[in-house]
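A quick write-up on the structure given underneath.
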Amino acid sequence: HVVEAWPECLGRIRPCVPQAQMIIVGDGPLRTSIQEEFERRNLMPHGRCTGAVAHDTVGSLIRCFDLAVAPYPPLQHDFYFSPLKLFEYLACGLPVVSVPIKALEGDDSAFYIANSLKEFLIGINAIAESRFDPISINKRLDLASKEDYDLKFTEVLNIIKNNINNNNKLMNNDSKLDILILFDIR
């Protein structure tokens with residue numbers, strides 16, 4: 001899991017960027033060991049884990065950062081992986097360093113793609129200056145707007161409507177059509 005390497009990453013960044021901080025937001029089974037590793041490397045308070053945070057504070061918290069990283073582990077399946085968190089980072093204007101994700105293919109000009117810790121370090125240095133670049137920010141916001149929940153929901157509804165209209169000719173009154181839509185409206 002790449003996230004376990006972040007204390008080492010911060011240790012490598014700080015000699016070059018002494019004001020650098022790394023805050024891992026959220027909770028999970030690795031939080032305690034990562035926090036202990038920050039402490040072992042004398043990186044406190046520059047590196048820390050927040051633990052769980054309230055859902056309604058995440059957006060304002062994200063906007064406090066200069067860049068975001070997406071250190072997902074390699075997927076062991078061919079299923080679709082939703083890069084929603086990456087688009088949330090973009091919607092907050094943040095540059096993003098990410099592992100390769102199939103769903104991002106074709107959109108990687110808005111992301112720095114990294115396959116190793118060394119590449120993440122290179123990517124962090126490469127994109128850090130774009131945090132306040134208006135052209136880069138607009139590009140990130142434009143890409144994020146195309147991944148909007150409401151837009152995607154409308155697309156799904158249109159697909160369903162088209163399928164129903166196309167299949168009405170084939171269906172009789174006794175035909176059954178089961179539709180499930182999972183949509184988080186928080």
Side-chain angles (χ1 to χ4, degrees), residues 1-73 81-99 101 103-104 107-114 117 119-151 184-186:
H1 203 285
V2 180
V3 74
E4 294 169 284
W6 289 115
E8 178 185 350
C9 180
L10 180 59
R12 289 187 187 184
I13 291 171
R14 287 203 37 87
C16 302
V17 186
Q19 71 277 18
Q21 296 186 67
M22 183 175 294
I23 300 173
I24 299 175
V25 178
D27 205 353
L30 298 174
R31 183 173 66 99
T32 301
S33 63
I34 292 169
Q35 190 69 42
E36 289 170 353
E37 188 63 15
F38 280 136
E39 291 170 8
R40 189 184 74 71
R41 291 175 179 266
N42 296 318
L43 293 169
M44 299 297 290
H46 311 290
R48 63 186 174 90
C49 302
T50 65
V53 297
H55 184 267
D56 60 347
T57 64
V58 173
S60 60
L61 188 58
I62 288 173
R63 286 186 286 278
C64 293
F65 295 100
D66 294 317
L67 59 92
V69 294
Y72 300 112
F81 174 83
S82 172
L84 180 60
K85 188 174 291 190
L86 303 180
F87 290 110
E88 290 171 341
Y89 295 154
L90 293 181
C92 290
L94 292 179
V96 178
V97 180
S98 175
V99 295
I101 297 173
L104 297 179
D107 290 329
D108 56 334
S109 63
F111 305 94
Y112 188 97
I113 304 301
L117 179 58
E119 289 180 11
F120 265 94
L121 288 167
I122 292 168
I124 287 167
N125 285 324
I127 67 168
E129 294 302 316
S130 73
R131 170 64 169 112
F132 300 104
D133 174 51
I135 294 170
S136 296
I137 292 170
N138 286 334
K139 184 176 187 178
R140 291 190 289 267
L141 295 176
D142 182 56
L143 182 56
S145 72
K146 295 174 184 166
E147 299 299 324
D148 178 72
Y149 270 127
D150 293 331
L151 178 65
D184 184 355
I185 58 171
R186 279 188 266 180

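Positions are given from 1 along the sequence. Hydrogens, waters and symmetry mates play no part in the numbers below; they use all other heavy atoms, side chains included.
The line from CZ of R12 to CD1 of I124 is 11.0 Å long, rounded to the nearest 0.5 Å. The CG atom of L30 lies 11.5 Å from the CD atom of E36; values are rounded to the nearest 0.5 Å. Here L141 contributes atom CG and S136 contributes atom OG; the two are 10.5 Å apart, rounded to the nearest 0.5 Å. Between S130 atom OG and Y112 atom OH the span is 12.5 Å, to the nearest 0.5 Å. Between the NZ atom of K139 and the CG atom of D133 there is a distance of 10.5 Å, given to the nearest 0.5 Å. Going from atom CD of E88 over to atom CD1 of I62 covers 6.0 Å, rounded to the nearest 0.5 Å.
Counting non-hydrogen atoms of neighbouring residues, nucleotides and ligands closer than 6.0 angstrom, the CD atom of E39 exceeds 12 such neighbours.
Within the 4.5 Å cutoff, side-chain heavy atoms of I24 are placed close to those of F38. Looking only at side-chain heavy atoms (C-beta outward), R48 and Q35 come within less than 4.5 Å of each other. Side-chain contact between L90 and F111 is present, with at least one heavy-atom pair separated by less than 4.5 Å. Looking only at side-chain heavy atoms (C-beta outward), F132 and D66 come within less than 4.5 Å of each other. Within the 4.5 Å cutoff, side-chain heavy atoms of R41 are placed close to those of E8. Residues F120 and V99 meet the side-chain proximity criterion, which asks for heavy atoms closer than 4.5 Å.
Smallest separation of non-hydrogen atoms from T50 and V25: OG1-CA, 3.2 Å. Looking at every heavy atom in both residues, A144 comes nearest to F87 through CB-O, 3.6 Å. In terms of heavy atoms, C9 sits closest to L117 at CB-CD1, 3.5 Å. Smallest separation of non-hydrogen atoms from C49 and R31: CB-CG, 3.5 Å. Between E119 and I113, the closest heavy-atom pair is OE1-O, 4.3 Å. What you find for R140 and L94 is that their closest heavy atoms are CD-O, 3.0 Å.
By the 4.0 Å N-to-carboxylate-O rule, E37 lies close enough to R40 to be salt-bridged with it.
At least one donor-acceptor pair closer than 3.5 Å links the side chain of R14 to the backbone N or O of A20. With hydrogens and angles ignored, the 3.5 Å screen pairs no side-chain donor or acceptor of D142 with any backbone N or O of N138. Panel note: side chain R131, backbone F65; a donor-acceptor pair is recorded below 3.5 Å.
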